[in-house]
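The next block holds one structure in the form of structure tokens; read it before the comments.
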Amino acid sequence: MNLQTKFLVNLGLLAAAVLLVFALFNREIINQFNADEIDSQLNTHLQLSRELVDSLLANVKSDLDLISNDSLISSYFSTNEVSRYQLFHSEGTRTLKRYLKHREFYAEIAIVLPDGFKDIYVTANSIADTDLDANLLTREKNRLAQSDDTLLAVEFLDAKQVLLTGYQPVRQFSSRLSADLNPIVGYIKISVDLLRLTVKSSSERILSSLIIDGENYYDPDTASQLQIDLSLNQVDRVGQVNSISKPIFERLILQSSLRNDIYFDVSTLLLRRGLLLIVLAVISLLTMTALLLQLVILRPLATFSKLIVESDSHVSSDLSLYHYDNNEFGKLKQKFDGLMSGLRESTATLERQAFSDPLTGLPNRAALYRFLEQNTGADRLQPLSVLFLDLDGFKQINDIYGHKTGDLLLIEVGKRLRQLVRGQNANEACPSSLDTRHDCVIRLGGDEFTIILTGSENAEFVATRIVQGFQTAMNIDNKALYTGVSIGISQYPAHATSPSTLIQYADLAMYQAKTQGKMRSVLFSPALVEFEKKRQRIDRTVREGIEHNRFSAHFQAKVHIGTGAIIGFEALARLRDAEGTLVPPTDFVSVAQDSGVLEYITYSVAESTCQLLQQLAQPGLVGAINISPRQLNDLRLIADIRTIMWRYQVLPEQIEFEITEEELIGNAQIAKQNLDLLRRFGFRTALDDFGAGYSSLGQIKKYAFDTLKLDQLFVNTEDYNSTSAYGVVTSIKSLADTLGMAVVAEGIETAEQIEFVRSIGIEIVQGYYYSKPLPLADFAELYWQNLFALDHSES
């Protein structure tokens with residue numbers, strides 16, 4: 001007999017004897033415990049069910065008040081009957097659906113007229129739609145309770161549908177009538193499915209039911225599953241089902257029922273009375289088990305454990321284990337010897353795999369952190385430099401040529417980096433352990449690499465050599481591919497002493513290198529931390545602004561010089577922080593775009609723009625909205641803006657999208673397709689900040705903009721009215737006329753600047769000379785004042 005069988009047989013016989021003795025002495029205790037426990041469970045369940053009902057009644061009363069006081073509902077009742085359906089049926093239905101959606105037991109929510117007609121209503125799937133509320137006419141007969149004006153009544157649809165209905169009257173208040181004479185113009189009705197409530201409050205053993213006027217109502221399917229039959233009379237049920245009840249209202253009683261023959265859990269009373277027997281039995285069992293374990297298992301196991309501990313010393317056998325060669329320990333020892341032999345052979349391989357990148361063969365992130373942890377700290381004085389590299393343009397190569405080509409490029413990048421850093425042959429591998437030589441290239445993942453340099457004096461020199469080394473192409477599958485590098489440098493212990501901080505600071509410096517134009521290196525400085533902290537503060541302010549609705553739009557007028565009329569405006573996003581201070585757009589726009597929330601700001605500006613255009617109701621007025629290059633490629637954004645326009649009844653030709661020329665440089669063909677699509681939708685397009693640094697006169701004709709906005713640098717410099725400046729602006733105006741583009745001069749602040757642009761023939765201007773960006777209400781007032789002044793000047 002093997003060890004397992006011997007142990008189980010001995011322990012099983014002992015356990016059986018103990019359990020038999022325990023069962024004989026505790027039979028009567030179990031019966032008494034069952035009776036007490038059934039009563040406790042019923043009371044607990046009934047209390048929880050009552051709390052659920054009370055919570056539901058509170059929700060009904062609260063929702064009745066909320067719906068009655070909803071501004072949409074108030075507008076509905078204050079509108080004549082002819083216009084109600086057209087104006088409020090759709091929005092009213094959506095409002096009621098929101099309440100129905102978030103209330104599990106609601107069966108119906110309706111606006112009921114005094115004659116019982118349900119003008120607006122929503123129902124759950126289990127309730128049949130009907131336009132007449134017959135229960136309203138008989139509500140006094142079915143009354144359960146009255147609280148202030150709220151009436152609770154019961155509604156019987158059929159044998160399986162019993163509803164608890166609340167009615168809240170809506171009165172037409174008038175200052176000419178006393179409070180008690182205000183007539184009722186309708187009711188807000190909320191119905192609750194009582195049988196569904198009993199299903200929810202029933203547990204896996206206890207059935208919930210409701211007694212209404214002496215009649216018991218419950219879900220028959222739930223009762224069938226629990227095998228509880230409440231249709232029998234009380235005499236027949238004695239000994240089978242226990243029930244207790246508690247009134248909710250005079251006519252409505254909540255009941256919990258439980259079968260007597262299904263509850264057989266072990267009780268606390270049993271444990272207390274049998275404690276002495278259990279303790280004695282356990283002590284006996286443990287004593288005997290310990291003796292058996294010591295004799296049969298623990299003694300050979302101790303010997304075998306000693307063998308495992310000494311396995312690193314290549315101890316392959318132990319003479320004391322030979323006594324167990326005919327059982328499991330002997331066989332286990334033989335397999336263990338073979339396993340240890342294989343493990344010793346594979347340890348080195350596993351070490352290399354754990355700390356190397358499978359694609360490039362370079363050390364990986366784990367190797368980097370292990371090395372930095374071993375070579376930094378209070379007792380480590382040797383300086384180190386960490387170079388954080390990110391490839392410029394790798395994503396485009398990956399997207400155009402595929403991931404296979406991208407992987408081959410990464411392998412080639414690793415080889416070139418090893419050659420540039422260590423002077424190695426391109427095919428010579430870099431040691432993954434980083435223990436023998438400190439100057440080594442590591443691949444963190446994706447297109448990110450890190451370089452560790454011993455010392456700090458030559459870090460910038462090596463970084464410059466790397467940047468220059470990537471100015472030549474790499475031959476991948478007979479294709480000459482170019483990718484640059486942006487490098488950030490941090491140094492130990494000058495900048496930081498912890499590994500994670502060193503890498504973080506090098507990453508910050510790399511991000512700064514990309515910001516400065518890529519293909520360069522930047523040495524970390526404390527100012528970068530402050531810059532990143534500021535950026536994080538702005539990011540937090542942007543997200544809080546979205547959450548707390550702190551974004552708004554200001555509007556700056558576009559004025560026709562000849563007539564003085566406001567012919568349009570540019571909508572500009574504004575953000576206030578928690579203290580109410582304005583955050584400059586130059587700070588938050590780029591952060592919002594990097595965080596992926598710029599679309600929200602654009603939606604907010606578009607909403608305000610359409611709201612203003614609807615309010616002014618001038619078809620010829622054009623509102624300009626700025627969009628980014630990423631948004632220009634996002635057709636969903638345009639579709640959403642069109643939806644906003646439809647809601648405010650704004651025409652497409654009243655919206656002009658402003659795009660800077662810098663944003664068109666990345667992919668001119670796709671940009672042109674998207675701009676053409678905007679124009680087919682009926683939108684106007686404008687080239688913003690023309691002349692700010694990327695202007696190409698030969699490229700403008702491709703895009704066929706409706707408007708060319710002359711950057712403010714043409715009127716804000718000291719020599720803006722010089723002969724050369726006059727000639728440049730005149731040429732731009734002539735080109736725009738030839739291409740059929742309207743020209744708008746930005747940044748106009750003085751009368752002299754007005755005269756300058758007028759002399760060139762530019763008639764439309766925008767700037768502080770006429771108005772700074774204004775909130776919606778202020779701009780509307782400015783517009784009407786301008787229109788009034790023009791009307792009176794003509795008369």
query = Parallel, tilted or perpendicular: which fits the ring planes of F681 and F683, with parallel below 30° and perpendicular above 60°?
reply =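 Taking F683 first and then F681, their aromatic rings stand perpendicular (interplane angle over 60°).
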Do the side chains of [Y] and [X] get nearer than 4.5 Å, heavy atoms only?
X	Y	value
D390	V485	no
L389	I451	yes
P652	M645	yes
L417	F470	yes
L582	L575	no
F461	L453	no

- Task: Could you please spell out the steps behind the salt bridge (Lys or Arg N to Asp or Glu O under 4.0 Å) verdict for E599 and R636?
- Result: CA-CA 10 Å; E599 285 75 10; R636 294 175 304 171; over 6 Å; no
task: Could you list the residues that satisfy ring-ring contact (aromatic ring centres under 6.0 Å, His included) with H554, not counting sequence neighbours?
output: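 Counting only residues at least two positions away or on another chain, H554 forms no ring-ring contact (aromatic ring centres under 6.0 Å, His included).
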What residues form a ring-ring contact (aromatic ring centres under 6.0 Å, His included) with F756, not counting sequence neighbours?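 Scan of F756 (ring-ring contact (aromatic ring centres under 6.0 Å, His included), adjacent residues dropped) gives Y720.
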Minimum heavy-atom separation for [X] and [Y], please, with both atom names.
X	Y	answer
A592	I601	CB-CD1, 3.6 Å
P363	C440	CG-SG, 3.8 Å
A571	N626	O-ND2, 3.8 Å
I566	F779	CG2-CZ, 4.1 Å
C610	I655	SG-CD1, 4.5 Å
F657	I638	CZ-CD1, 4.2 Å

Test your reading of the model: is there a side-chain donor-acceptor pair from [X] to the backbone of [Y], 3.5 Å cut-off?
X	Y	result
R679	A704	yes
S604	Y600	no
Q753	V715	yes
Y492	V386	no
T660	D689	no
R684	T707	no
N364	A354	yes

For the atom pair [atom1] ([X]) and [atom2] ([Y]), what is the distance rounded to the nearest 0.5 Å?
X	Y	atom1	atom2	value
K533	I538	NZ	CD1	14.5 Å
S498	Q504	OG	CD	8.5 Å
I397	K479	CD1	NZ	10.5 Å
N475	L481	CG	CG	8.0 Å
N458	S385	CG	OG	7.0 Å
I625	I659	CD1	CD1	11.0 Å

Side chains of [X] and [Y], donor plus acceptor under 3.5 Å:
X	Y	value
R574	S608	no
E460	S521	no
D640	T643	no
R576	T581	no
S486	D392	yes

- Going by the ring pair (Phe, Tyr, Trp, His ring centres under 6.0 Å) test, name the single residue among F388, F524, Y511 that passes it with Y505.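 So the option named by the test is F524.
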### Message
With a 6.0 Å cut-off (strictly less than), is the heavy-atom count around NZ of K518, excluding the residue itself, greater than 12?
### Response
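Count not over threshold, so no.
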- For K534, does the NZ atom have more than 12 heavy-atom neighbours from other residues, nucleotides or ligands under 6.0 Å away?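 No.
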Carboxylate-amine/guanidinium contact [X] [Y], below 4.0 Å:
X	Y	result
R550	D577	no
R535	D539	no
E656	K558	yes
E448	R443	no

**Item:** Aromatic contact, F588 with F551 (centres under 6.0 Å)
**Value:**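 Centroid separation for F588 and F551: below 6.0 Å.
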Between N674 and L678, does a side chain to side chain contact (heavy atoms under 4.5 Å, CB included) hold up when you go through it step by step? CA-CA 6 Å; N674 292 331; L678 289 179; 5.8 Å; no
(Q) Run L387 and T450 through side chain to side chain contact (heavy atoms under 4.5 Å, CB included) and show every step you take. (A) CA-CA 5 Å; L387 279 64; T450 301; 5.9 Å; no
Review point. Taking it one step at a time, do I764 and V743 satisfy side chain to side chain contact (heavy atoms under 4.5 Å, CB included)?
Key: CA-CA 7 Å; I764 305 173; V743 179; over 6 Å; no
(message) Test: side chain to side chain donor-acceptor pair (under 3.5 Å). Region: residues 764-778. Which pairs qualify, not counting sequence neighbours?
(response)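 The answer is Q556-Q766, E570-Q766, K709-Q766.
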Residue among L362, L391, N398, D357 satisfying side-chain contact (heavy atoms from CB on, under 4.5 Å) with L410:
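Answer to the side-chain contact (heavy atoms from CB on, under 4.5 Å) test with L410 among L362, L391, N398, D357: L391.
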Exercise for the section: For the pair E658 and I627, evaluate side chain to side chain contact (heavy atoms under 4.5 Å, CB included) and give the outcome as yes or no after the intermediate values. Expected result: CA-CA 6 Å; E658 293 190 2; I627 59 174; over 6 Å; no
